[in-house]
Amino acid sequence: MVFLAQLFLTLCAILFDIASGQQSTFSPARPPAIPLAVKSPYLSTWLQAGKDGGNGGYLAGQWSQFWAGQIAAWTGMIRVDGTTYTWMGAPSGPQTVTQTGLQYTSTSSIFTMTVGGVGMNITFTSPITPDDFKRQSLLFSYLEVQVTSLDGQPHNVQLYTDISAEWVAGNHNSVAQWDHGVTPDGIAYHKVFRQTQLEFSETSDQADWGNWYYSTKNSSNLSFQLGQDIVVRGAFEANGTLADTQDTNFRPISQNWPVFGYSSDFGTIRTETHSTLYTIGLTQENAIQFAGQSGIVPLPSLWTSYFSSETDAVSFFYNDYGEASRIARGLDNQIQKDSVAAAGQDYATITSLAARQAFGAIQLVGNLTKQYIFLKEISSDGNIQTVDVIFPFHPVLLYLKPELLKLLLDPLFENQESGQYPNQYSMHDLGSHYPNATGHPDGKDEPQPLEECGNMLIMTLAYAQRAKDRAYLTQHFKILDQWTQYLIAEALIPANQISTDDFAGSLANQTNLALKGIIGIEAMAVIANITGNTAVGANYTNIAHSYIDQWQVLGVAQDATPPHTTLGYGLNDTHGLLYNLYGDRELNLNLVPQSIYDMQSAFYPTVTLQYGVPLDTRHNYTKNDWEMFTAAIAGQSTQEMFIKELASWINETPTNFPATDLYDAQSGE
Ligand SMILES: *[C@@H]1O[C@H](CO)[C@@H](O)[C@H](O)[C@H]1NC(C)=O
Ligand SMILES: *[C@@H]1O[C@H](CO)[C@@H](O)[C@H](O)[C@H]1NC(C)=O
Ligand SMILES: *[C@@H]1O[C@H](CO)[C@@H](O)[C@H](O)[C@H]1NC(C)=O
Ligand SMILES: *[C@@H]1O[C@H](CO)[C@@H](O)[C@H](O)[C@H]1NC(C)=O
Ligand SMILES: *[C@@H]1O[C@H](CO)[C@@H](O)[C@H](O)[C@H]1NC(C)=O
Ligand SMILES: *[C@@H]1O[C@H](CO)[C@@H](O)[C@H](O)[C@H]1NC(C)=O
Ligand SMILES: *[C@@H]1O[C@H](CO)[C@@H](O)[C@H](O)[C@H]1NC(C)=O
Ligand SMILES: *[C@@H]1O[C@H](CO)[C@@H](O)[C@H](O)[C@H]1NC(C)=O
Ligand SMILES: *[C@@H]1O[C@H](CO)[C@@H](O)[C@H](O)[C@H]1NC(C)=O
Ligand SMILES: *[C@@H]1O[C@H](CO)[C@@H](O)[C@H](O)[C@H]1NC(C)=O
Ligand SMILES: *[C@@H]1O[C@H](CO)[C@@H](O)[C@H](O)[C@H]1NC(C)=O
């Protein structure tokens with residue numbers, strides 16, 4: 001019966017695909033959402049793919065969306081021999097082109113299409129340049145469209161694209177204003193912005209300040225038009241060209257929907273390739289409000305240190321495509337090669353999808369003397385610089401550029417060391433909402449004392465080890481030691497509190513949380529030794545080793561079959577992912593005996609569900625960040641199991657938002 005049901009479903013799927021004419025391949029997987037322009041918390045536009053709300057991963061036929069779900073309309077149409085088709089978005093009217101493939105890499109999403117004898121390659125590239133602050137500072141992304149005749153016949157072709165004003169503000173009743181211009185070196189741009197600028201404000205997570213630029217190269221074949229959606233798109237459909245006019249009736253985003261269009265006339269094309277490049281990006285003079293050592297100050301976007309004007313930045317980015325692509329392909333290849341070598345293609349499927357999403361959560365700010373990186377806690381509550389969100393993020397920085405981790409930790413140290421946080425333990429975040437890193441002078445941030453003290457100690461040492469930066473440890477010794485006192489008092493027998501997995505509720509004596517605290521104490525022992533405080537180092541080493549011996553009695557269900565660590569002390573029927581063990585290996589501490597690693601590694605396969613091992617026994621959901629921490633230190637077959645399950649989740653989950661870190665390990669929802 002099961003077989004017959006599956007056969008029936010398979011037949012339905014084939015029939016559905018034939019009926020819709022859709023036959024795209026997806027390589028290396030069909031992710032829940034496909035990154036289009038993903039560069040920072042405010043430049044984050046995706047194509048929803050999972051069936052919960054997306055169409056399965058087809059660029060034409062649905063609107064692209066800001067990560068939080070609101071539409072950020074991005075339209076693509078093409079006229080081939082007088083017939084208009086849609087290749088991106090969902091404008092009413094034209095039939096869609098046929099998508100034949102999607103491939104994603106760490107920096108790019110590449111669609112291939114066929115339409116009326118013509119082939120299209122559509123490449124979205126969001127650069128990641130950890131070694132190059134000038135390029136990393138720009139919140140811009142590329143869209144390249146290549147067109148060629150596939151059937152050898154000549155075809156008359158015009159290409160169209162627009163963005164709507166939905167990009168510029170989350171409240172669609174706010175008034176948009178716009179302008180069109182050409183830079184001295186010939187880059188045409190549409191500039192669109194919220195008429196009333198509200199610096200540092202957000203609506204539905206979109207920024208309420210700054211200017212958006214949609215650009216392409218000016219040429220005799222380019223026409224443009226700014227106006228109502230049906231007027232501008234209708235002009236292209238009717239004529240294959242636009243009127244070179246602007247409707248200057250600035251109005252609410254949703255009133256007669258203003259759009260900002262370009263049309264390129266290729267004339268008659270044959271087998272040569274016609275390539276057109278567009279760039280989309282956001283410029284904000286100031287990016288962050290920060291309560292640093294001199295009180296609350298606005299911090300400039302770092303690009304303002306490299307460019308004298310917004311249009312200079314637009315020109316540089318546009319003209320840099322050759323070099324930017326070369327750097328992007330280099331990073332793509334590096335991540336692909338290293339991931340395959342570390343754990344196979346399934347691992348590369350995960351890492352190459354994660355790269356843009358991870359870097360899309362951060363922004364470089366400051367000036368040429370002092371830079372900071374700020375991180376937004378995306379898709380939960382918008383906190384800024386959340387320590388336990390930096391924690392799952394930090395391995396990608398250790399891999400690509402450890403110095404960037406320092407720039408993330410610096411604001412946390414600066415705020416707390418200048419006496420602006422009253423608690424003796426580490427703060428949870430630097431402000432309840434991005435982009436206001438204004439701290440918690442009342443000490444009433446979400447309390448995760450054990451979690452965050454452990455995280456700060458582990459990440460600070462991890463950075464210093466890899467960057468060989470002893471001075472950083474000396475500089476912050478005092479507050480690191482203060483946090484260690486908290487751990488010495490609280491880590492072995494954790495009070496009833498939440499961990500980073502706050503959604504799961506609070507609990508006393510959490511085995512995994514205790515482990516993080518004990519590892520934090522040992523990390524401080526290493527820090528003390530490195531900085532010449534050897535008596536302190538010897539003392540903390542003794543404490544950490546004594547605690548870990550006790551922890552192995554308190555936290556292990558020794559008589560269970562097979563034995564495993566528990567969710568909480570004495571709760572022998574419970575279990576959970578012991579992801580905090582990762583810190584022991586990461587810092588090369590050898591604090592925890594290999595027998596614990598081996599025991600856990602043997603245990604996880606006995607409790608796995610379809611798409612992963614549950615976070616703990618309270619629920620069937622899991623967290624893929626903690627799964628990967630767990631996999632990293634597991635034996636080979638267990639590691640392969642975790643990675644295979646997550647790669648298949650990416651490919652099969654019906655969820656349609658950018659890859660979540662929290663999902664049901666059985667259903668994939
Ligand atoms: C798309 O890219 C592939 C691989 O680089 C190339 O072979 C093909 O000619 C390109 N097609 C178009 C339409 O440019
Ligand atoms: C940031 O703080 C400013 C006041 O300085 C406020 O107007 C703004 O709404 C805050 N932004 C967010 C996202 O809460
Ligand atoms: C755009 O390019 C066309 C064709 O080269 C030229 O006539 C026009 O002056 C340019 N526009 C600007 C503003 O430079
Ligand atoms: C097509 O072009 C003609 C001539 O420029 C113009 O009068 C007409 O309004 C255009 N059609 C549309 C739908 O814009
Ligand atoms: C511009 O249009 C002309 C005439 O239609 C065509 O010959 C030429 O190839 C086009 N140039 C580009 C860059 O598409
Ligand atoms: C650079 O940034 C630092 C840190 O915000 C600030 O103290 C310094 O005054 C800035 N320098 C200049 C030249 O603006
Ligand atoms: C936590 O564990 C300790 C040691 O087993 C025990 O004494 C204490 O009662 C436990 N606390 C709670 C709230 O269960
Ligand atoms: C720190 O140094 C002391 C004294 O040399 C030594 O006993 C201890 O094992 C060291 N601790 C670590 C974690 O390296
Ligand atoms: C070891 O450290 C703890 C916690 O700071 C402290 O109470 C204790 O006195 C220290 N022991 C020695 C021998 O220094
Ligand atoms: C849990 O198991 C340990 C040994 O694995 C045993 O000492 C302890 O009594 C058990 N606790 C309960 C509540 O059954
Ligand atoms: C996990 O899923 C199974 C099967 O759907 C269900 O029976 C079980 O109650 C769930 N467990 C929890 C903890 O929700």
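Read the numbers this way: they start at 1 and go in the same order the structure lists the ligands and their atoms. For clarity, every value in this text was computed on a predicted model and none was experimentally measured. Numbers here are sequence positions counted from 1.
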In ligand 7, which numbered atoms sit nearer than 4.0 Å to a non-hydrogen atom of [X]?
X: Leu554; result: 4 (C), 5 (O)
X: Ala508; result: 13 (C)
X: Tyr569; result: 2 (O)

Taking the six-membered ring of [Y], is NZ or CZ of [X] closer than 6.0 Å to its centre and within 45° of its axis?
X: Lys370; Y: Tyr372; value: yes
X: Lys134; Y: Phe316; value: yes
X: Lys191; Y: Phe193; value: yes

Once the angle between the rings of His190 and Tyr214 is folded into 0 to 90°, is it parallel (under 30°), tilted (30 to 60°) or perpendicular (over 60°)?
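The rings of His190 and Tyr214 sit tilted, inter-plane angle from 30° to 60°.
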Hey, does Tyr189 have a side-chain heavy atom less than 4.5 Å from the side chain of Thr311?
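Yes, close enough: below the 4.5 Å cut-off.
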Starting from the N and O atoms of ligand 6, collect every protein N/O partner closer than 3.5 Å and put each pair on its own line with the distance to 0.1 Å.
unit_1   : atom_1 : unit_2 : atom_2 : d
ligand 6 : 2 (O)  : Asn367 : OD1    : 3.4
ligand 6 : 2 (O)  : Asn367 : ND2    : 2.3
ligand 6 : 11 (N) : Asn367 : ND2    : 2.8
ligand 6 : 14 (O) : Asn367 : ND2    : 3.4

Is the side chain of Gln552 donor-acceptor paired with the backbone N or O of Val592 at a distance under 3.5 Å, no angle test?
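No: the side chain of Gln552 does not pair with the backbone of Val592.
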Would you find a donor on one side and an acceptor on the other, under 3.5 Å apart, between the side chain of Tyr318 and the backbone of Lys217?
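Confirmed, Tyr318 side chain pairs with Lys217 backbone.
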Nearest 0.5 Å, please: how far is CG in Asp616 from CG in Leu567?
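Rounded to the nearest 0.5 Å, the CG-CG separation comes to 4.5 Å.
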Below 3.5 Å, N or O to N or O, backbone or side chain included: is there any such pair between Asn509 and ligand 7?
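Yes.
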